[in-house]
Amino acid sequence: MDICLYYCFFLLVSIEVFSILVDSSPEIRARKHIFFPDFSLHNNSRILHDLKLLGSAKLSNEKGVIQIPDDSQATDLGHQAGRAIYSSPVRLLDPVTKTPASFETTFSFQFNTSNSTRTSRDGGSGLTFIVVPDEFTVGRAGPWIGMLNDACKDDYKAVAVEFDTRHDPEFGDPNDNHVGINLGSIVSTRAINASDVGIFLNDGSVHRAWIAYDGTRGWMDVRIGSDGQDYPSTKPTFSGILDISPFLNE
C-alpha cells in the first residue's frame, strides 16, 4: 500500500487570554505567542521541552518538520495516528463568564505520498489542528484523524479544524478534499469542499493554513493558501459564527 506522510513545517499561535479580574483591580489582558520557525533540534534545542510527541509523531531533523507517521517503523504506516501538543497548558476559557479566549494560528503542512497512483482509500486520512484538555490522548487512525478514540467519553471536550483527504460518508464527509470544523465529535459541525476555494489538499504542495477565532464575537475564520503566501484576501474556506465555549475544558 502507498503511504501518505503528513509534514508540519512551522507553527505560530497567538492567544489573547481572557480578561482577568483580581478583587477590584482593573481588567488585565494578556497575550501569549507560541512560535516554531521549524522543528529541527539543531536550530531549537528547546523543542523537546516545548513539544510533546504522542503516538506515531516524530521530529525529522533532516526536513525540520513534524512527521506523521514515523516511517522508520516497520508496522502498517497507513493506519497509525500521532499528535504533537504544546507541553504547557494554556487557559482558553474564562471560568466566570465562560467567554473563550481569542486566538490566531498559522502553519504550513504537506501530504506527501510515496506513489502518485495513490487512491483516496490508501494511506492515512488527514490532519487536524486541535485543542484538547489533556496531554496523553491519541485518537484513532483512519477517518478519526487522531482526534478521538474509544476511551473518550461522550462529554470529551475538543475543538478541531480537520484537513481531510478521505471520503467517509458515514461521518458526513462531502468528498475526499474538505475542511471540517469539529466540536467534541469526529462528525464535523461544518464541512466545506476545499475545491470551492481552489485548494487540493492531496496535490503534494506545501499548503499554509490560517485559523482565527474571535472569542468575544464567537466567530471563526479559516483560510488556506500556498506556503510563503501572505494572508489571503480571497474567499475564506470557512467564516461564520461558532460557539466553542461548551467544548473547552477549564
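Source: prediction; values computed, not measured. Heavy atoms only: backbone and side chains are in, while hydrogens, waters and symmetry mates are out.
For Ser195, the side chain to side chain contact (heavy atoms under 4.5 Å, CB included) test picks out Asn177, Asn193, Phe200, with sequence neighbours left out. Checked against salt bridge (Lys or Arg N to Asp or Glu O under 4.0 Å), Arg190 has no partners two or more places apart in sequence or in another chain. For Glu104, the side chain to side chain contact (heavy atoms under 4.5 Å, CB included) test picks out Ala212, with sequence neighbours left out. With sequence neighbours left out, Arg46 forms a salt bridge (Lys or Arg N to Asp or Glu O under 4.0 Å) with Asp50. Under the side chain to side chain contact (heavy atoms under 4.5 Å, CB included) criterion, Leu53 pairs with Ala57, Leu59, Ala84, sequence neighbours left out.
A continuous path of Ile, Leu, Val, Met, Phe, Trp and Tyr side chains, each step under 4.5 Å between heavy atoms, connects Val131 with Val179, placing both in one hydrophobic cluster. Under the 4.5 Å side-chain contact rule for hydrophobic residues, Ile192 and Val159 share a cluster. Residues Phe171 and Phe163 do not share a hydrophobic cluster, defined by chaining ILVMFWY side chains whose heavy atoms lie under 4.5 Å apart. Tracing side-chain contacts under 4.5 Å through hydrophobic residues (I, L, V, M, F, W, Y), one never reaches Leu48 starting from Ile85; they form parts of separate clusters. Both Leu51 and Leu41 sit in one connected hydrophobic cluster of ILVMFWY residues. Membership requires side-chain heavy atoms under 4.5 Å apart, directly or through other members.
Scanning all heavy atoms of the two residues, the minimum distance from Gly218 to Tyr213 falls at CA-OH, 3.4 Å. Taking each heavy atom of Gly184 and Leu148 in turn, the nearest pair found is O-CD1, 4.0 Å. Considering all non-hydrogen atoms of both residues, Ile130 and Ala158 come closest at CD1-CB, 4.3 Å. Looking at every heavy atom in both residues, Cys152 comes nearest to Thr137 through SG-CG2, 3.9 Å. Listed here is the closest heavy atom pair of Asp227 and Ser108: OD1-OG, 2.5 Å. Closest non-hydrogen pair, Val138 versus Ala81, comes out as CG1-O, 3.9 Å.
The closest donor-acceptor contact from the side chain of Lys98 to the backbone of Leu93 lies at 3.5 Å or more, if one exists at all. Without hydrogens or angle criteria, Ser188 side chain to Asn182 main chain gives no donor-acceptor distance under 3.5 Å. Judged by distance alone, with hydrogens and angles left aside, the side-chain atoms of Arg83 form a donor-acceptor pair with the main-chain N or O of Met147 at under 3.5 Å. A donor-acceptor pair under 3.5 Å links the side-chain atoms of Asp173 to the main chain of Asp168, judged by distance alone. Between the side chain of Ser125 and the backbone N or O of Gly142, at least one donor-acceptor pair lies under 3.5 Å. Under a 3.5 Å cut-off, the side chain of Ser60 and the backbone N or O of Val65 do not form any donor-acceptor pair. Gln80 contributes no side-chain N or O that, together with a main-chain N or O of Ala141, makes up a donor-acceptor pair within less than 3.5 Å. Side-chain atoms of Thr106 come within 3.5 Å of backbone atoms of Ala209 as a donor-acceptor pair (strictly under, hydrogens ignored).
Residues His178 and Glu162 have side chains in contact (heavy-atom distance under 4.5 Å, counting atoms from C-beta outward). Here the side chains of Leu201 and Phe109 are in contact, with some heavy-atom distance below 4.5 Å. Between Phe39 and Leu11, the closest side-chain pair of non-hydrogen atoms falls below 4.5 Å. Between Phe107 and Val13, every side-chain heavy-atom pair lies at or beyond the 4.5 Å cut-off. Counting heavy atoms from C-beta on, the side chains of Ser205 and His207 come closer than 4.5 Å. Leu127 is listed as a side-chain neighbour of Phe111, based on a closest heavy-atom distance under 4.5 Å. Side-chain contact between Asp176 and Asp164 is absent, with no heavy atoms from C-beta onward closer than 4.5 Å.
With rounding to the nearest 0.5 Å, the separation of CD1 in Ile186 from CG in Asn149 is 10.5 Å. Atoms CZ and CG, from Phe35 and Asn44 in turn, are 10.0 Å apart once rounded to the nearest 0.5 Å. Atom NZ of Lys32 and atom CG of Leu92 lie 11.0 Å apart (nearest 0.5 Å). Remark: Lys58 NZ to Ile66 CD1 distance equals 12.5 Å, nearest 0.5 Å. With rounding to the nearest 0.5 Å, the separation of OG in Ser102 from CE in Met220 is 11.0 Å. Expressed to the nearest 0.5 Å, how far CD1 of Ile34 lies from OG of Ser88 amounts to 8.0 Å.
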Side chain to side chain contact (heavy atoms under 4.5 Å, CB included) between Ile181 and Val161, worked out = CA-CA 5 Å; Ile181 312 298; Val161 178; 4.1 Å; yes

Throw together a table of side-chain donor-acceptor distances under 3.5 angstrom for residues 236-244, partners on residues two or more places apart or in other chains.
unit_1: Ser239; atom_1: OG; unit_2: Trp219; atom_2: NE1; d: 3.0
unit_1: Ser239; atom_1: OG; unit_2: Asp221; atom_2: OD2; d: 3.2
unit_1: Asp243; atom_1: OD1; unit_2: Ser245; atom_2: N; d: 3.1
unit_1: Asp243; atom_1: OD1; unit_2: Ser245; atom_2: OG; d: 2.6
unit_1: Asp243; atom_1: OD2; unit_2: Ser245; atom_2: OG; d: 3.4

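Residue-environment remark: NE2 (His49) stays at or below the threshold of 12 foreign heavy atoms within 6.0 Å.
In this structure, Phe129 and Phe103 have tilted ring planes: the angle between them lies in the 30° to 60° band.
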